[in-house]
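Remember, predicted model here, so these are calculated numbers, not experimental data.
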Amino acid sequence: MTPTTAKRTVTPRRLPNHELRPREHLTEREVEKLIEAAKKNRNGQRDAAIILICFRHGLRASEVCELQWSDVEFETATLHLRRAKNGATATHPLLGDELRGLRALKREINSPFIFVSERGAPFTVSGLQKLVERAGIEAKLPFKVHPHMLRHATGYVLANRGTDTRTLQSYLGHRSIQSTVRYTELAPGRFKNLWK
């Protein structure tokens with residue numbers, strides 16, 4: 001075979017994110033729709049709780065899958081987080097709806113991990129991806145949804161509420177402020193009172 005007649009294989013090129021969906025974050029209302037859709041699943045309590053916890057604490061998929069009951073203090077309503085990507089560890093407050101969801105799960109689960117599969121194994125990143133994608137379809141969102149959009153939603157929602165960049169950086173566990181600035185740069189709330 002000569003070089004000109006040899007078969008060439010070409011690796012398919014993945015489309016850029018902006019061609020797959022209009023944006024990389026969800027709005028707070030879209031997150032609420034995801035949670036409502038997840039509640040209708042066979043494991044609705046777990047599925048709604050995992051989406052809520054991901055969103056409220058800006059967790060990466062691997063971080064939420066690794067959460068254990070030892071990370072939750074019900075008495076003080078706190079959640080201890082170990083961040084991936086060399087992110088800073090943190091302790092976040094838990095709100096009432098999160099505590100209620102976690103208490104309900106605790107009664108059902110006999111595992112050191114908070115979120116487990118039907119077989120009792122720790123939830124996986126791919127399992128979470130499938131869960132969020134299905135919830136997005138069920139919620140009739142007009143684009144494909146993935147778990148990291150929940151983390152971005154946290155950043156955008158808090159930036160729009162006026163959270164300062166350093167606090168947001170610490171809350172999301174970013175090592176570099178450059179990772180955090182993206183949320184404040186696109187927050188429409190910063191232009192709100194320019195024309196009074």
Side-chain angles (χ1 to χ4, degrees), residues 12 14-69 71-72 79 81 83-84 92 94-111 113-161 171-173 182-183 186-189:
R14 184 188 176 281
L15 292 174
N17 286 342
H18 70 272
E19 290 184 28
L20 295 173
R21 55 193 149 263
R23 55 190 148 80
E24 282 300 306
H25 69 284
L26 298 170
T27 65
E28 198 165 7
R29 181 66 191 121
E30 288 167 339
V31 173
E32 290 168 3
K33 286 181 178 180
L34 271 185
I35 291 170
E36 289 306 311
K39 283 180 182 176
K40 298 173 186 168
N41 293 343
R42 185 173 55 227
N43 297 296
Q45 181 71 40
R46 177 203 65 194
D47 296 353
I50 200 168
I51 292 171
L52 178 63
I53 297 291
C54 265
F55 168 65
R56 285 274 176 80
H57 302 283
L59 298 178
R60 294 175 180 94
S62 63
E63 294 168 347
V64 76
C65 290
E66 292 172 4
L67 283 176
Q68 298 185 29
W69 290 112
D71 299 323
V72 178
L79 178 64
L81 300 174
R83 294 290 189 175
H92 286 191
L94 287 165
L95 300 180
D97 55 350
E98 295 171 279
L99 286 168
R100 285 188 294 279
L102 289 171
R103 281 192 180 105
L105 284 178
K106 182 113 173 96
R107 287 189 292 269
E108 298 172 8
I109 296 170
N110 186 20
S111 168
F113 290 90
I114 296 174
F115 300 107
V116 296
S117 69
E118 289 179 355
R119 295 186 178 129
F123 220 74
T124 63
V125 170
S126 67
L128 179 61
Q129 288 169 335
K130 290 172 189 158
L131 183 157
V132 171
E133 187 176 331
R134 279 193 310 266
I137 292 166
E138 199 60 37
K140 296 183 176 32
L141 296 182
F143 48 84
K144 188 175 177 182
V145 181
H146 60 83
H148 207 73
M149 293 175 91
L150 295 166
R151 178 170 167 79
H152 290 319
T154 306
Y156 286 111
V157 168
L158 294 178
N160 279 321
R161 290 183 181 176
Y171 192 78
L172 292 173
R182 71 185 297 182
Y183 302 115
L186 294 175

Evaluate the criterion side-chain contact (heavy atoms from CB on, under 4.5 Å) for residue pair L131 and I51; output intermediate values, then yes/no. CA-CA 9 Å; L131 183 157; I51 292 171; 3.7 Å; yes
In sequence, state the C-alpha distance, the side-chain angles, and the governing distance for E32 and R29, and then conclude on salt bridge (charged side-chain N to carboxylate O under 4.0 Å, His left out). CA-CA 5 Å; E32 290 168 3; R29 181 66 191 121; 3.2 Å; yes
Y156 and T27: CA distance, side-chain angles, deciding distance, side-chain contact (heavy atoms from CB on, under 4.5 Å) verdict: CA-CA 8 Å; Y156 286 111; T27 65; over 6 Å; no
Under the criterion side-chain contact (heavy atoms from CB on, under 4.5 Å), I'd like the reasoning laid out for D71 against L81: C-alpha separation, chi angles, the key distance, then a yes or no. CA-CA 7 Å; D71 299 323; L81 300 174; over 6 Å; no
Derivation and outcome, side-chain contact (heavy atoms from CB on, under 4.5 Å), residues D97 and R56: CA-CA 11 Å; D97 55 350; R56 285 274 176 80; 2.8 Å; yes
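Here the closest heavy-atom approach between residue F123 and residue L128 is recorded as CE2-N, 3.4 Å. Here the closest non-hydrogen pair linking W69 and L102 is CH2-O, 3.3 Å. Residues S62 and A84 approach most closely at OG-CB, 3.9 Å, considering heavy atoms. What you find for G136 and V145 is that their closest heavy atoms are CA-CG2, 4.1 Å. Of all heavy-atom pairs spanning C54 and L150, the tightest one is CB-CD1, 3.8 Å. For the pair H25 and E30, the tightest heavy-atom approach, listed with the atom from each and the gap, is O-OE1, 4.3 Å.
Of the possible donor and acceptor atoms, none in the side chain of N160 sits under 3.5 Å from a partner among the backbone N and O of V157. Formation of a donor-acceptor pair under 3.5 Å by the R151 side chain with backbone atoms of L172 is found in this model. In terms of modelled atom types and a separation under 3.5 Å, the side chain of R46 and the main chain of V116 share a donor-acceptor contact.
Here the straight-line distance linking atom CG of L94 with atom CG of L79 works out to 5.0 Å at 0.5 Å rounding. Note that NE2 of H92 is 11.5 Å distant from CD1 of I53, once rounded to the nearest 0.5 Å. In this structure, CD on E24 lies 9.5 Å from CZ on F143, to the nearest 0.5 angstrom. Note that the CG atom of L52 and the CD atom of E98 stand 5.0 Å from one another [nearest 0.5 Å]. The structure places SG of C65 at 10.0 Å from CG of L59, a figure rounded to the nearest 0.5 Å. Atom-to-atom distance recorded for L141:CG and E133:CD is 11.5 Å, nearest 0.5 angstrom.
Ring orientation note: the planes of H148 and H146 are close to parallel, at an angle under 30° on the 30°/60° scale.
Surrounding CD of Q45 are more than 12 heavy atoms belonging to other residues, nucleotides or ligands, all under 6.0 Å away.
Residues F55 and I35 fail the side-chain proximity criterion, which asks for heavy atoms closer than 4.5 Å.
E63 and H57 form no side-chain donor-acceptor contact under 3.5 Å, judged by distance and modelled atom types alone.
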